[in-house]
S.K.: 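Dumping the structure here so I can ask a few things about it.
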There are 2 protein chains.
Amino acid sequence: MKLTDDSQAFVLHFGEMGSRWGFNRTVGQMLALLTIHSEPLNADQLAEALKISRGNVSMGLKELQAWRLVELHHRPGDRKDYFTAAGSIWDMARTVFEERRKRELDPTLSLLRQLLLNEPQDGAETLAQERMREVYSLLELLDQFATTLSRLSEADLQRLMKLGSGLGRLLDLKDKVRGGASGSGE
Amino acid sequence: MKLTDDSQAFVLHFGEMGSRWGFNRTVGQMLALLTIHSEPLNADQLAEALKISRGNVSMGLKELQAWRLVELHHRPGDRKDYFTAAGSIWDMARTVFEERRKRELDPTLSLLRQLLLNEPQDGAETLAQERMREVYSLLELLDQFATTLSRLSEADLQRLMKLGSGLGRLLDLKDKVRGGASGSGE
DNA sequence: TATAATTTTCAGAAATTTCTGAAAGTTCAA
DNA sequence: TTGAACTTTCAGAAATTTCTGAAAATTATA
């Protein structure tokens, strides 16, 4: 498994961005390689191509499976496990988006629900709790919105994302057509 | 500066979530404390409340200023620098969102633009480049969409995020009203 | 059932990130 | 100017995360 310069660059870049996207370097590299390599790869091939240890590959694959970003395949007469990226690029993006929503929002929502049950004991606490409530409202709305987005079909997502500043106009259009009294569909 | 249990919990939680949100533990804690504390705080107060070193506070404040998440204040007859969270919770969320868009998408877009200029030399490279092109298209669209979102007024953002599954219906509505030929506003 | 092939685990090593605190730098009032 | 008040810097320490590789576990074949 020898990578071309461009594939190498792509793989190394994903490794560097990995930590910002929620996984570690080698997981990022593995995901990149499986994304651009059309044929399934086994653990030894990944280790050789990325020059990382076999154990690291095993842990990385475990994590990518937990994210549901890779798919397992088997070849007749070969006992090794082979992997490909799971689904289309859009499928993968949706998966990462949804998983990050869970990791980055849910724990905070859960804590804030707890804290907001308590009675503030003085003025400072009341003010602090007001701010926490604002944080909670915003994050809850964001969480719902992210969930809504990740449930849209690819076609709808593309339409939405291509709107550009038409999005603002569309929101106005809605208010005109439906009289502004709609919105909280669920 | 003694924190109540709830404030403490909030601050510690932000510290733990910090790394998932793009900053380190103490930066997360400082942001949390400044968010729930209505009065401006100086560096010594932050260091004491969070039990971290003065140097760490200085670096953290520098980073929060780079993010434009804190505002500097001065008190008459006091040479110390005082800080508050910059703007409303919505302002801060918008700032974080926009900064993360830049950090998490722009470097990859930039690299992919480079790589996609090169001619693939064989079948495998052609396939790899096709996948890179798909990644590029998706990330570019996402980048535009994120930019669009971060430019919406708070009111529009709230309306949009409250749509729930009404968002899908709204997209259909648009196609009906404008005949489906619109969309690429810019 | 043995044994060969393969994957997983995990203790410790290596790498990276974060934090401390003392020294250097800056600002301002007298 | 001087020096007191304050902030910043940064080398090394501490903490955390990631990685390695050998041993243990699992699975399939003969």
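Each chain gets a letter, A, B and so on, in the order its sequence line appears, and its residues count up from 1.
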S.K.: To the nearest angstrom, how far is A:Arg75 atom CZ from C:dA5 atom C1'?
M.R.: 17 Å
S.K.: In whole angstrom, give the distance that lies between atom OH of A:Tyr82 and atom C1' of C:dA5.
M.R.: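 That distance rounds to 12 Å.
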S.K.: Could you check A:Leu41, A:Thr35, A:Leu34, A:Thr84 and say which one makes a side chain to side chain contact (heavy atoms under 4.5 Å, CB included) with A:Val70?
M.R.: A:Leu34
S.K.: Grab the NE2-P distance between B:His74 and D:dC6 for me, whole Å please.
M.R.: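 Going from B:His74 (NE2) to D:dC6 (P), I get 11 Å.
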S.K.: Are more than 12 heavy atoms, taken from residues, nucleotides or ligands other than A:Gln114, located less than 6.0 Å from that residue's CD atom?
M.R.: no
S.K.: Expressed in angstrom and rounded to an integer, what is the separation of B:Met59 atom CE from C:dG21 atom C1'?
M.R.: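 Distance check: B:Met59 CE to C:dG21 C1' gives 11 Å.
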S.K.: For D:dT9 and B:Lys62 - does any side-chain N or O of the residue sit under 4.0 Å from the phosphate oxygens OP1/OP2?
M.R.: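 Indeed, a polar side-chain atom of B:Lys62 lies that close.
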S.K.: Report yes if the side chains of B:Leu46 and B:Ile52 come closer than 4.5 Å at any heavy-atom pair, otherwise no.
M.R.: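 Heavy-atom side-chain distance check fails, nothing below 4.5 Å.
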S.K.: Does C:dC19 have OP1 or OP2 sitting under 4.0 Å from an N or O in the side chain of B:Asn24?
M.R.: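 Looking at the OP1 and OP2 atoms of C:dC19, one of them is under 4.0 Å from a side-chain N or O of B:Asn24.
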S.K.: Look at all strands and tell whether B:Asn42 reaches a base, only sugar-phosphate, or nothing, counting heavy atoms closer than 4.0 Å.
M.R.: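 Counting heavy atoms under 4.0 Å across all strands, no contact is made by B:Asn42.
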S.K.: State which residue, out of B:Glu98, B:Glu104, B:Glu99, fulfils the salt bridge (charged side-chain N to carboxylate O under 4.0 Å, His left out) condition with B:Arg101.
M.R.: B:Glu98
S.K.: Phosphate oxygens OP1/OP2 of D:dT7: is one of them under 4.0 Å from a side-chain N or O of B:Arg54?
M.R.: yes
S.K.: How many Å lie between CD on B:Glu63 and P on C:dC19, as a whole number?
M.R.: 10 Å
S.K.: Taking atom C1' of C:dC19 as reference, at what distance in whole Å does atom CG of B:Leu61 sit?
M.R.: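 About 15 Å, once rounded to whole Å.
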S.K.: Any ion pair linking B:Asp172 and A:Arg159 (charged N to carboxylate O, less than 4.0 Å)?
M.R.: yes
S.K.: Base, sugar-phosphate or nothing for B:Asp81? Non-hydrogen atoms, less than 4.0 Å.
M.R.: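 Sugar-phosphate: the residue B:Asp81, judged by heavy atoms under 4.0 Å, touches backbone atoms but no base.
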S.K.: Considering just the side-chain nitrogens and oxygens of B:Arg25, establish if one lies under 4.0 Å of OP1 or OP2 belonging to C:dT17.
M.R.: no
S.K.: Please tell me which of the listed nucleotides, C:dG21, D:dA5, D:dT20, lies nearest to the side chain of A:Ile52?
M.R.: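 Within the option list, the nearest is D:dT20.
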S.K.: Would you say a side-chain N or O of B:Thr26 is under 4.0 Å from OP1 or OP2 of C:dC19?
M.R.: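 Indeed, a polar side-chain atom of B:Thr26 lies that close.
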S.K.: Are any of B:Arg79's side-chain N or O atoms less than 4.0 Å away from OP1 or OP2 of D:dT7?
M.R.: no
S.K.: Taking CG from A:Asn56 and P from C:dT7, how many angstroms apart are they, rounded to a whole number?
M.R.: 15 Å
S.K.: Within this structure, what is the CG-to-P distance between B:Asp44 and C:dG21, rounded to whole angstrom?
M.R.: 14 Å
S.K.: Reckon A:Ser58 has a side-chain N or O less than 4.0 Å from the OP1 or OP2 of C:dT9?
M.R.: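 No, because none of the side-chain N or O atoms of A:Ser58 sits under 4.0 Å from OP1 or OP2 of C:dT9.
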S.K.: With DNA chain D as reference, determine whether B:Asp78 or A:Lys51 sits nearer its 5' end, using the nearest nucleotide of each.
M.R.: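 Whichever sits nearer the 5' end wins; that is B:Asp78.
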